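For reference, the structure discussed in these notes is given below.
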Amino acid sequence: MKATHIWGDERRVTEAAVKIASARISSPSDPKATARPISALRADAGTTITPAGIGVDQAFSVFQDVIAPATRAQDDPLNLAYIPAAPTRAALAFDAVVSSFNIFGGTWEAGAGAIFAENEALAWLVSLLGWPEEAGGCFVSGGTSGNLSALVTARHTALARRGGRPEGGWKIACTSGAHSSILADARVMDVGVVEVPEGERGQLTGAALRAATADEPGVFAVVASAGTTNAGIIDDLAEIADVCEEHGLWLHVDGAYGGAGLAAPSARARFDGIERADSFIVDPHKWLFAPYDCCALLYRDPDLARAAHSQHASYLDRIDREAWNPTDLAVHLSRRVRGLPFWFSLAVHGTDRYVAAGEQTLTTTRAVADAIKESANLRLLLEPDLSVLLFDRPGWTRDDYYAWSDELSRAGRILCVPTSWRGETVLRLAFVNPATDPAAVIDILTTTTA
Ligand SMILES: *Cc1c(COP(=O)(O)O)cnc(C)c1O
């Protein structure tokens with residue numbers, strides 16, 4: 001009996017999708033696109049899930065007219081809020097290609113070629129870290145799951161080495177500047193957090209770490225930030241590595257945002273000590289010009305990750321455990337080969353262009369920082385380690401900051417969202433896009449005189 005084609009002829013939908021993707025990839029994004037209330041979306045989209053289906057044309061028009069415009073342009077050059085994105089056209093276009101192949105990236109057996117390519121891109125990151133060649137890892141969805149997987153490996157390793165759970169439970173150590181995902185991951189793992197007081201730049205120092213962990217036998221890992229999200233601060237990695245070595249602690253470096261700075265010679269010295277870390281993450285979807293969702297998770301000794309993460313089940317018996325199976329290295333099993341758009345763009349453009357793009361972002365940041373320092377009404381609060389600027393406008397209240405930010409956001413001129421720093425409301429700019437024009441940013445900042 002012949003199988004019926006239950007989906008009918010899908011050629012037309014395929015062609016239409018490719019056309020839409022191609023048009024989108026080649027055009028700039030709309031900075032006025034923004035979130036809308038669910039009631040407005042429901043009213044405009046109508047009922048989309050129906051027994052008979054709404055058909056290709058209607059589904060695409062709902063997407064293009066209602067759904068896409070209600071999402072923020074992450075890659076607009078004047079989106080400088082939170083951590084924006086700046087994927088290359090090569091990475092975006094290739095992401096569409098990757099999707100069309102639907103590769104299973106969990107095991108070598110199913111995804112060998114793609115995993116090989118992902119590992120080529122990871123090897124470049126390993127070389128930037130100054131780690132041995134045996135280091136490696138895999139791509140996961142984001143920094144939150146990358147940090148979790150690294151910390152689970154760290155705890156598994158500590159459990160094996162120490163032969164049991166410490167009295168009072170396991171703990172990690174970090175500063176309050178560590179990303180919120182670290183606290184979330186600690187809750188998932190049911191481990192405590194020793195909050196280490198920050199140094200004068202807001203960084204984790206070796207001395208403070210040594211003091212804070214002296215009477216904490218449960219600490220098994222230290223999370224150092226290589227670029228805090230709020231202020232772009234790099235912790236004192238070399239001193240921290242000393243303490244970790246002295247006390248046999250796992251050193252995890254969270255470089256989700258700032259790890260990309262490793263590629264920039266002008267910032268590289270700030271990372272000294274990172275060559276001694278045990279695990280590291282960086283999100284190429286932040287400052288390495290890749291689309292969502294993409295976090296590179298790396299281990300100095302991947303065998304420790306395998307010991308912690310390998311899943312065993314009878315239907316998985318066939319898996320070759322000697323092969324490079326990303327499944328074995330993080331909290332996941334099935335996975336898309338989300339590192340491929342990053343690999344492709346890196347292969348196409350070359351690492352020199354990545355270095356140049358990182359440097360250009362830093363140059364832009366420094367130009368805007370200089371303009372803030374010279375401005376009569378703005379005050380730079382911290383010399384930038386990387387590409388985040390914190391500054392304030394003396395005399396403004398919280399409401400003034402929000403009103404200024406909201407108005408410019410509505411007009412689609414700039415996305416500059418207030419944050420808090422040492423208990424005060426301040427302004428923050430995060431640069432990850434080499435296309436951002438510093439003159440345009442500086443020009444808009446003059447509107448704070450009002
Ligand atoms: C963004 C960020 C994270 C979380 O990454 P996601 O990809 O959003 O899960 C973790 N740590 C730092 C330092 C970050 O900047």
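When a ligand or atom number is given, it counts from 1 through the structure's own listing order. For the single chain, residues carry numbers from 1 onward in sequence order. None of these values were measured; they are calculated from a predicted model.
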Query - Candidate pair Asn147 and His179, rule side-chain hydrogen bond (donor to acceptor under 3.5 Å, both in side chains), full reasoning - result: CA-CA 10 Å; Asn147 286 330; His179 189 261; 5.3 Å; no
Report task. Check each heavy atom of Asp283 against ligand 1 and say whether those closer than 4.0 Å belong to the side chain, the backbone, both or neither. Result ->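 The answer is the side chain.
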Query raised in the report: Do Glu200 and Thr205 have side chains that get closer than 4.5 Å, going by heavy atoms?
Result: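 The answer is no; the side chains never approach within 4.5 Å.
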**Report entry** 4.5 Å side-chain heavy-atom contact, Arg155 and Ile172
**Finding:**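 No. Closest side-chain heavy atoms not under 4.5 Å.
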Requested in this report: Could you tell me whether Trp250 and Phe220 have their ring centroids closer than 6.0 angstrom?
Outcome: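 Not close enough - the centres of the two rings lie 6.0 Å or further apart.
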Report task. Can you establish whether the number of heavy atoms outside Glu424 located under 6.0 Å from its atom CD is more than 12? Result ->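 No.
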Query raised in the report: Which residue and non-hydrogen atom of the protein lie closest to atom 14 (C) of ligand 1, and at what distance in Å?
Result: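 The closest heavy atom on the protein side is Lys286 NZ, 2.9 Å.
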Report task. Looking only at protein heavy atoms, identify the closest one to atom 11 (N) of ligand 1 and say how far it is in Å. Result ->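 For atom 11 (N) of ligand 1, the nearest protein heavy atom is Asp254 OD2, 2.6 Å.
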Which atoms of ligand 1 are found less than 4.0 Å from any heavy atom of [X]?
X      : value
Ser181 : 10 (C)
Tyr257 : 15 (O)
His285 : 7 (O)
Thr229 : 12 (C), 13 (C), 14 (C), 15 (O)

Requested in this report: Look at the rings of Trp287 and Tyr257 and say which category their plane angle falls in: under 30° parallel, 30 to 60° tilted, over 60° perpendicular.
Outcome: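 Rings of Trp287 and Tyr257: parallel, as their planes differ by under 30°.
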Query - Polar contact flag for Ser141 and ligand 1 (N/O pairs, less than 3.5 Å) - result: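 No.
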Query raised in the report: Are any of the heavy atoms in Cys295 under 4.0 Å away from ligand 1?
Result: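 The answer is no: ligand 1 sits nowhere under 4.0 Å from a heavy atom of Cys295.
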Query raised in the report: Can a non-hydrogen atom of Gly258 be found less than 4.0 Å from any atom of ligand 1?
Result: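 So Gly258 does not count as touching ligand 1.
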